[in-house]
Amino acid sequence: MHDEPLLTIDRRIVPINGARNLLETARSAGIEIPTFCYHSEMSVHGACRLCLVEVEGMGIVASCSTQPAPGMKVRTNTEEIRRLRRTAVELLLANHQQQCTTCGKSAACQLQRIARRVGVDQVRYKPTQSKQPIDASTPSLVRDPNKCILCGDCVRACDEIQGIGAIDFAHRGAAACVAPAFGKTLSEVECVYCGQCAAVCPTGAVMPRDHTAEVWRLLEDPAKKVVVQIAPAVRVALGEMFGGKPGEIETGRMAAALRALGFDRVFDTSFTADMTVLEEAHEFIERKQAGGPMPQFTSCCPAWVKFAEQFFPSLLPHLSSCRSPQQMFGALAREVLPEQLGCRPEDLAVVSVMPCTAKKYEAQLPKFSRGGRPEVDYVLTTQELGRMIEEAGIDFDRLQPESLDMPLGFKTGAGVIFGTSGGVTEAVLRCAAERLAGVRLESVEFHQVRGCEGVREAEVVAGGATLRLAIVHGLRNARTLAKKVLAGEVTYDLVEVMACPGGCVGGAGQPWADRPETRRQRAQGLYMADKMLDLHKSQENPMLAECYSQWLGEVGGPRAHHLLHTEYQSRRRIGGANLVVLDAPEKLRVSVCMGTSCLVRGSQTLLRQLLDLVAREGWHDRVQLEATFCFEKCDRGPTLQIGPRVLHRCTLDAAWQAIRDAVGEAAAATS
């Protein structure tokens, strides 16, 4: 007798196995129901209406929002369901820009795939929407509203995974669209360029910005020496673009492909990840011994750094001053490679291959430039590299593996595991714990910091001291933890933050993956690569020791600090004009900050209350109320400006008293 609750799907007996809905139940039985808007790690949205099934006694329902029950009889592929799905896809296609052959999502587009699957061979409906402008304002992402199907995946990823809400639904009915606040571009709002919106978008409505044309031009310029660095997470995902399995280590064939494309040298970002470990561990030990500021937050992820600069400027002293491995490589390459390669500094071009769209933003920051030129010229994603290999006609599967170039291609396992959540912490521990204890570590694996949970805590004893650690991925989780740190609710020594789910292996520049298992397989591939290397601790990298001896001096020293470290700044989160809520020209101007930090502290409620008071007092002709961004005092909200006066942690009573005083002073001055 079977104790597991069962139901019937398409005449098959299927166990429920704790599934949240009929869609997951069907998938567990190998029955794939089409859907645009369902992601197991986000809330159920039910917008696309493609996952319809017929349940006996219930009729046609959405499988994503219907809970399984014992004894249910479900059909997923009736004639009526097929007709409804075809109609839904046709309606989407009617308003969709159908330039598929020139779309960057072509061949990976879920709309194409589902249209083919449900049998759409014509579109019977006329478009009702006019062409909208493309937003190409950021160095990382391009948003094309003409390809949006209103599934809401990007909106939920930005809100539920990252906790930012840089884009949302706007307008109603036929005018409904997805857009940043107040009709701004992505570069003008609080977007951190993590690209998770692009990672979940089923069409080409949000895409990583493409820089392949610029890189091709570099490779074709005979005056240029073009070098490339490859990030750890790329080696366990690139093969997926050519039919390989997630987690397969493709370092050798990737090196061969890059040389075939025309790159003069192929290096490994894992080398400068090892360098980051030495610098960050040195900084950590200094902070620990000096008593702060603690905890030390990692600084490898540019989306996290931008998030901290925007939302938690008071945490900036806690961020490690180390540059990311990408930018350490850029600085080092500019310093040493022109002489090694026999070229003028201006003829050296540095390209990165990264799993991340925020790296494109990071590379063009003015602080990471030399003589007005970026230290890293261009950043390609894993997807872009795959497309370049295809474009060049290279048969990836038939390539013979090749070695990376030395010395900047040599790495230890510590540098390789940087690409997964917990990897930076473990790599730093392999160095810091050994130095704190004063003895050589025999066991280098710290399994307590590994895992896939969004927030993990661990304790490690080193040199008689207990180190408290936190590992976070996903910026919504980072926000929650940062608030607790600032409030004194939790105490840590080291906090690792990565913006993307699972860390860099889940970056938006990686091949499309709709299930968490893909990220886990990629992470396992990095741990396997670590095991296959002879050295596992950054401090044992002989090429790194030689690099410090020849060019950088001592770890943490003046020369190393100049080239390998950086500073941070508080950033405005949204640009442009204020939103006038109550207009009274030439009267008292009252501005209420609507930045996220002020918003969560009650500024929206405060604005409503002030509107009510102004109406009750009949002061419409005396007071101009407006919502504004941003006073850059994010830790002291809600913030108001009343005339020239700025009030922090403002209450309704304090605001109204200040308004009354200002109105009274203006009236006295007039009389």
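By convention here, the first residue in the shown sequence is residue 1.
- Using a 4.5 Å heavy-atom cutoff, the side chains of Arg456 and Val449 are not in contact.
- Of the possible polar contacts, none joining the Gln229 side chain to the Phe329 backbone as a donor-acceptor pair under 3.5 Å is found.
- Checked against Tyr193 for a ring-ring contact (aromatic ring centres under 6.0 Å, His included), the options Tyr361, Trp304, Phe307 give a single hit: Tyr361.
- With salt bridges taken as basic N to acidic carboxylate O contacts below 4.0 Å, one links Glu426 and Arg430.
- The number of heavy atoms from other shown groups lying within 6.0 Å of CG (Asp534) does not exceed 12.
- Shown here for Thr491 and Arg468, the closest heavy-atom pair between the two residues is O-NE, 2.7 Å.
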Using the salt bridge (Lys or Arg N to Asp or Glu O under 4.0 Å) rule, take Glu32 and Arg515 through it: C-alpha gap first, then chi angles, then the decisive distance, then the call. CA-CA 13 Å; Glu32 188 61 34; Arg515 298 184 184 180; 3.0 Å; yes
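- Met275 has its side chain out of reach of Pro325: every pair of non-hydrogen atoms, C-beta onward, lies at least 4.5 Å apart.
- The backbone N or O of Cys322 lies less than 3.5 Å from no partner atom in the side chain of Glu280, so there is not a single donor-acceptor pair.
- Looking at Lys306 and Tyr568, their side chains never come closer than 4.5 Å, going by heavy atoms from C-beta outward.
- A donor-acceptor contact closer than 3.5 angstrom is absent between the side chains of Gln327 and Thr566.
- For the pair Pro355 and Cys504, the minimum side-chain heavy-atom distance is below 4.5 Å.
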Given the rule in the side-chain contact (heavy atoms from CB on, under 4.5 Å) test, do Leu23 and Arg27 qualify, once you have shown the distances and angles that lead to the verdict? CA-CA 6 Å; Leu23 180 59; Arg27 283 180 171 177; 4.2 Å; yes
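- For the residue pair Val206 and Arg143, the shortest heavy atom distance occurs at CG2-CG, 4.1 Å.
- The number of heavy atoms from other shown groups lying within 6.0 Å of NZ (Lys367) is above 12.
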Under the criterion salt bridge (Lys or Arg N to Asp or Glu O under 4.0 Å), I'd like the reasoning laid out for Arg520 against Glu517: C-alpha separation, chi angles, the key distance, then a yes or no. CA-CA 5 Å; Arg520 286 193 284 269; Glu517 181 58 28; 3.1 Å; yes
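- In this structure, Cys431 and Lys537 have side chains that are not in contact, with every pair of non-hydrogen atoms separated by 4.5 Å or more.
- Nearest heavy atom pair, residue Pro208 against residue Leu141, reads CA-CD2, 4.2 Å.
- At distances below 3.5 Å, not a single donor-acceptor pair connects side-chain atoms of Asp268 with backbone N or O atoms of Phe410.
- One N or O on the side chain of Glu496 and one on the backbone of Gly422 form a donor-acceptor pair closer than 3.5 Å.
- Remark: of the listed residues Val228, Thr212, Val215, Val215 is the sole one forming a side-chain contact (heavy atoms from CB on, under 4.5 Å) with Tyr378.
- Residues Thr381 and Val353 come closest through the heavy atom pair O-CG1, 4.1 Å.
- His473 places no side-chain N or O within donor-acceptor distance of the main-chain N or O of Ala499, the cut-off being under 3.5 Å.
- Inter-residue side-chain proximity for Leu436 and Ile285 is flagged as met; some heavy-atom pair is nearer than 4.5 Å.
- Remark: the Thr412 side chain and the Asp274 side chain contain an N/O donor-acceptor pair separated by less than 3.5 Å.
- Panel note: side chain Arg522, backbone Pro246; no donor-acceptor pair is recorded below 3.5 Å.
- One finds a salt bridge joining Lys531 and Glu445 here, because a Lys/Arg side-chain nitrogen approaches an Asp/Glu carboxylate oxygen to under 4.0 Å.
- Not a single donor-acceptor pair under 3.5 Å links the side chain of Asp159 to the backbone N or O of Gly165.
- Side chain of Thr269 to backbone of Ile230: a donor-acceptor contact under 3.5 angstrom is found.
- Side-chain contact between Met254 and Leu385 is present, with heavy atoms from C-beta onward closer than 4.5 Å.
- Note that Arg450 lies in the cation-pi zone of Tyr527, set by a 6.0 Å cut-off to the ring centre and a 45° limit from the axis.
- Ion pairing of Glu540 with Arg440 is present here, as a side-chain N (NZ or NE/NH1/NH2) and a carboxylate O approach within less than 4.0 Å.
- By the 6.0 Å contact criterion, CD on Glu489 is enclosed, its count of non-hydrogen atoms from other residues, nucleotides or ligands being greater than 12.
- Of all heavy-atom pairs spanning Leu429 and Leu441, the tightest one is O-CD1, 4.2 Å.
- Considering CD of Glu248 and CE of Met528, their distance stands at 12.0 Å, rounded to 0.5 Å.
- Of the charged side-chain nitrogens involved, at least one lies within less than 4.0 Å of a carboxylate oxygen, so that Arg334 and Asp377 count as a salt-bridged pair.
- Residues Gln510 and Thr382 bring a donor and an acceptor atom of their side chains to less than 3.5 Å of each other.
- Residue Gln569 places its CD atom among more than 12 non-hydrogen atoms of other residues, nucleotides or ligands, all under 6.0 Å distant.
- Side-chain polar atoms of Lys359 and Ser352 form no donor-acceptor pair below 3.5 angstrom.
- For the pair Glu279 (side chain) and His565 (backbone), a donor-acceptor distance under 3.5 Å is absent.
- Between Ala508 and Gln383, the shortest heavy-atom contact is O-NE2, 3.3 Å.
- For the pair Leu475/Phe311, no side-chain contact is recorded, criterion being any heavy-atom separation below 4.5 Å from C-beta on.
- Of the possible donor and acceptor atoms, one in the side chain of Ser140 sits under 3.5 Å from a partner among the backbone N and O of Thr357.
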